[in-house]
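Structure first, commentary second.
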Amino acid sequence: MADAPHYWTPAFIEAFVEAINDDEDFQHTARKFSDTIIFRCLDTPDGKDIEATYEFDEGEIVSVEIWEEDAPSAELRDDPFNKKTTMARATAPYPVWVKLDKGEMNALQAITSPDYEVEGPKLKIMANIGVLNGMGDVAAKVEKTY
């Protein structure tokens, strides 16, 4: 596992995208999902704030944009949320993402946590909780180091 990417690095995000697009269970769950989701991780162990914007088309990630800055990045953290182009944006510090990844917290628990900020229409987010949980399930299976 020495060559496994470190969690919440561009290398991990690339491995995650590949895993999502290859995961039959996720593809079945998300087959009707076409929207954009942004996840932001603050204060990684590498001293970074990082944002990943995932564009889905019928369950497949067709585009991912990675934005990485030295933490704390006022530019990244203060970037306005565009609800016209994005269904949801979730922001949390690295330890919360690790809990999600290790199964110590699920998407619903994260959404209700004060350490996890969610922007976007709550009803639409809740209607797609299966997609969010599925993303977490796939991410948990990606080989990585913390």
Side-chain angles (χ1 to χ4, degrees), residues 1-23 26-27 29-30 33-57 59-146:
M1 203 152 108
D3 292 338
H6 196 270
Y7 189 47
W8 266 105
T9 60
F12 170 78
I13 293 167
E14 290 170 18
F16 170 65
V17 169
E18 187 175 318
I20 279 276
N21 289 343
D22 289 343
D23 190 283
F26 180 82
Q27 290 303 309
T29 298
F33 184 74
S34 296
D35 218 321
T36 300
I37 297 175
I38 298 172
F39 291 135
R40 302 190 305 174
C41 180
L42 308 179
D43 300 312
T44 70
D46 299 331
K48 303 288 184 184
D49 287 346
I50 189 166
E51 174 179 287
T53 302
Y54 302 100
E55 182 184 341
F56 285 86
D57 184 21
E60 184 176 342
I61 296 176
V62 294
S63 170
V64 62
E65 291 181 25
I66 299 169
W67 179 12
E68 186 176 45
E69 300 271 342
D70 290 336
S73 169
E75 185 179 3
L76 186 145
R77 293 178 185 211
D78 296 338
D79 189 46
F81 175 68
N82 186 342
K83 63 184 176 186
K84 292 180 180 166
T85 62
T86 307
M87 180 193 86
R89 179 169 74 178
T91 305
Y94 182 82
V96 171
W97 289 110
V98 170
K99 282 183 180 180
L100 277 163
D101 193 63
K102 291 183 173 181
E104 297 168 3
M105 174 186 280
N106 65 33
L108 186 56
Q109 290 169 317
I111 288 170
T112 59
S113 167
D115 296 324
Y116 189 93
E117 179 186 3
V118 179
E119 297 164 279
K122 303 293 187 261
L123 289 175
K124 190 171 182 182
I125 292 167
M126 294 308 291
N128 288 288
I129 199 75
V131 171
L132 297 171
N133 280 331
M135 290 178 77
D137 292 344
V138 173
K141 292 186 266 184
V142 174
E143 192 173 337
K144 70 187 87 56
T145 60
Y146 295 101

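In this chain, numbering begins with 1 at the start of the sequence shown. Bear in mind the structure is a predicted one, so any value in this text is a computation, not a measurement.
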Checklist outcome for this item: Shortest non-hydrogen pair, A19 vs V142, comes out as CB-CG2, 3.7 Å
Item to check | Other residues, nucleotides, ligands: >12 heavy atoms within 6.0 Å of K83 NZ | outcome: no
Checklist entry - So, N128 side chain and V131 main chain: donor-acceptor pair closer than 3.5 Å or not? => result no
Checklist entry - Is there a side-chain contact between P5 and I13 (heavy atoms, below 4.5 Å)? => result no
Next on the checklist: With a 3.5 Å distance limit and no angle check, can you tell me whether N21 reaches the backbone of I61 through a side-chain donor-acceptor pair?
Outcome noted: yes
Checklist entry - Does D57 use its side chain to pair, donor to acceptor, with the backbone of V62 at less than 3.5 Å? => result no
Next on the checklist: Quick check: closest heavy atoms across A4 and T145, and the distance to 0.1 Å?
Outcome noted: O-OG1, 4.0 Å
Item to check | T53 vs F39 side-chain heavy atoms within contact, under 4.5 Å | outcome: no
Next on the checklist: Distance check, rounded to the nearest 0.5 Å: W97 atom CH2 versus W8 atom CH2?
Outcome noted: 5.0 Å
Next on the checklist: When you measure from the centre of the six-membered ring of Y146, is the NZ or CZ of K102 closer than 6.0 Å and no more than 45° off the axis?
Outcome noted: yes
Checklist outcome for this item: So CG of N82 and CZ of R89: to nearest 0.5 Å the spacing works out to 9.5 Å
Checklist entry - Of all heavy-atom pairs between G59 and Q27, which one has the smallest distance, and what is that distance? => result O-NE2, 3.1 Å
Item to check | Minimum-distance pair of heavy atoms, taken over all atoms of G134 and F26 | outcome: C-CD1, 3.6 Å
Checklist entry - Between atom CG of D22 and atom CD of E60, what is the distance when rounded to the nearest 0.5 Å? => result 9.0 Å
Checklist entry - If every non-hydrogen atom of F81 is compared with every non-hydrogen atom of T86, which pair is closest and at what distance? => result CZ-O, 3.5 Å
Next on the checklist: Between D79 and R40 (salt bridge meaning N to carboxylate O under 4.0 Å), is one present in this structure?
Outcome noted: no
Checklist entry - Atom CD1 of I38 and atom OG1 of T91: how far apart are they, to the nearest 0.5 Å? => result 8.5 Å
Next on the checklist: Can you confirm whether Y54 sits close enough to F16 that some side-chain heavy atom of one is under 4.5 Å from a side-chain heavy atom of the other?
Outcome noted: yes
Item to check | E18, CD: over 12 other non-hydrogen atoms inside 6.0 angstrom | outcome: no
Next on the checklist: Main chain of K48, side chain of D70: is a donor-acceptor contact present, judged purely on distance under 3.5 Å?
Outcome noted: no
Item to check | Whether F12 and Y7 hold their rings parallel, tilted or perpendicular, with breakpoints at 30° and 60° | outcome: perpendicular
Next on the checklist: Do I125 and L132 have side chains that approach each other closer than 4.5 Å (heavy atoms only, starting at C-beta)?
Outcome noted: yes
Checklist outcome for this item: Between the OG1 atom in T36 and the CD atom in E55, the distance rounded to the nearest 0.5 Å is 5.0 Å
Item to check | Closest heavy-atom pair and its distance - D49, L42 | outcome: OD1-CA, 3.3 Å
Checklist entry - Quick one: are T44 and H6 in side-chain contact, heavy atoms under 4.5 Å? => result no
Next on the checklist: Just so I know, are the side chains of M87 and F33 near enough to count as touching, which here means a heavy-atom distance under 4.5 Å?
Outcome noted: yes
Checklist entry - Considering residues, nucleotides and ligands other than E65, do more than 12 of their heavy atoms fall under 6.0 Å from its CD? => result no
